[in-house]
A.B. asks: 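Here it is: the structure, laid out below.
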Amino acid sequence: STNLEATVKAVDSVNNEELVLIMGGKLRQDFLDLSSLRELKIKQIFAFGQARDLIFRQLSDIFEIIVVECLSDVFEKYKFNYGQRVVFSPGFPSFDQYENYIERGREFESLVNLSYSS
């Protein structure tokens, strides 16, 4: 997703307190309020890209936030368990580190495949 509404719907559809959310990307002028995430069941959030500091500032009083530079850092710093609920719903545009959302999605898919094959 490239917007907060889609991220909220994605997380809400999983409905699991052990959920890990991976979000971040390019900051936008009109995107400053993350409060709609506060009521969701999330164990921890990985925040990457330009939006990582905003995510940390607005949500660290509620959730465990792990701040990383880029998407690949998520998989270097954390080993996901098979069957664990991980939602990749960035909530921000991809243009801070990627040409488009398709490129970002392909990198995520590649990282997941590498993570589970090793």
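Quick note: residue numbers are just sequence positions, from 1.
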A.B. asks: Please report the C-alpha distance between Glu107 and Ser72 in whole Å, then the side-chain angles of each, then the deciding distance to 0.1 Å, and finally whether the side-chain contact (heavy atoms from CB on, under 4.5 Å) criterion is met.
C.D. replies: CA-CA 8 Å; Glu107 180 176 10; Ser72 63; 4.0 Å; yes

A.B. asks: Can you find a pair of side-chain heavy atoms, one from Val112 and one from Phe75, that are under 4.5 Å apart?
C.D. replies: yes

A.B. asks: Under a 4.5 Å cut-off applied to non-hydrogen side-chain atoms, are Leu21 and Thr7 in contact?
C.D. replies: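 They are in side-chain contact.
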
A.B. asks: Which pair of non-hydrogen atoms, one from Val68 and one from Lys77, has the smallest distance, and what is that distance?
C.D. replies: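 Nearest heavy atoms, Val68 then Lys77: CG1-CD, 3.5 Å.
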
A.B. asks: Indicate yes or no: at least one non-hydrogen side-chain atom of Asp61 is less than 4.5 angstrom from one of Arg38.
C.D. replies: yes

A.B. asks: Would you say the side chain of Phe48 lies within less than 4.5 Å of the side chain of Phe92, judging by non-hydrogen atoms?
C.D. replies: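 A side-chain contact is absent here, since even the closest heavy-atom pair is not under 4.5 Å.
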
A.B. asks: So Gln97 and Gln50, do their side chains get closer than 4.5 Å, heavy atoms only?
C.D. replies: no

A.B. asks: Check Ser89 against Ser1 and note the closest heavy-atom contact, atom names and distance.
C.D. replies: OG-OG, 2.8 Å

A.B. asks: I need the minimum non-hydrogen distance between Gln84 and Glu18, along with the two atoms involved.
C.D. replies: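 In this case the closest contact between Gln84 and Glu18 is NE2-O, 4.4 Å.
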
A.B. asks: Among the clusters formed by ILVMFWY side chains lying less than 4.5 Å apart, do Val87 and Val67 turn up in the same one?
C.D. replies: yes

A.B. asks: Above 12 or not: heavy atoms from other molecules or residues under 6.0 Å from CZ of Phe63?
C.D. replies: yes

A.B. asks: Would you say Ile22 and Leu111 are hydrophobically clustered, going by side-chain heavy atoms of ILVMFWY under 4.5 Å?
C.D. replies: yes

A.B. asks: Among residues at least two apart in sequence or on other chains, which ones pass ring-ring contact (aromatic ring centres under 6.0 Å, His included) with Tyr98?
C.D. replies: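 Checked Tyr98 against ring-ring contact (aromatic ring centres under 6.0 Å, His included); zero matches.
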
A.B. asks: Leu27 and Leu54: which non-hydrogen atoms are nearest, and at how many Å?
C.D. replies: CD2-CD2, 3.7 Å

A.B. asks: In sequence, state the C-alpha distance, the side-chain angles, and the governing distance for Ile66 and Val74, and then conclude on side-chain contact (heavy atoms from CB on, under 4.5 Å).
C.D. replies: CA-CA 9 Å; Ile66 300 165; Val74 172; over 6 Å; no

A.B. asks: If hydrophobic clusters are built by linking Ile, Leu, Val, Met, Phe, Trp and Tyr wherever their side-chain heavy atoms come under 4.5 Å apart, do Val14 and Ile42 end up in the same one?
C.D. replies: yes

A.B. asks: Regarding Asp96 and Arg104, does a basic nitrogen lie under 4.0 Å from an acidic carboxylate oxygen?
C.D. replies: no

A.B. asks: Can you name the nearest heavy-atom pair linking Phe95 to Asn100, along with the distance?
C.D. replies: CE2-CA, 3.9 Å

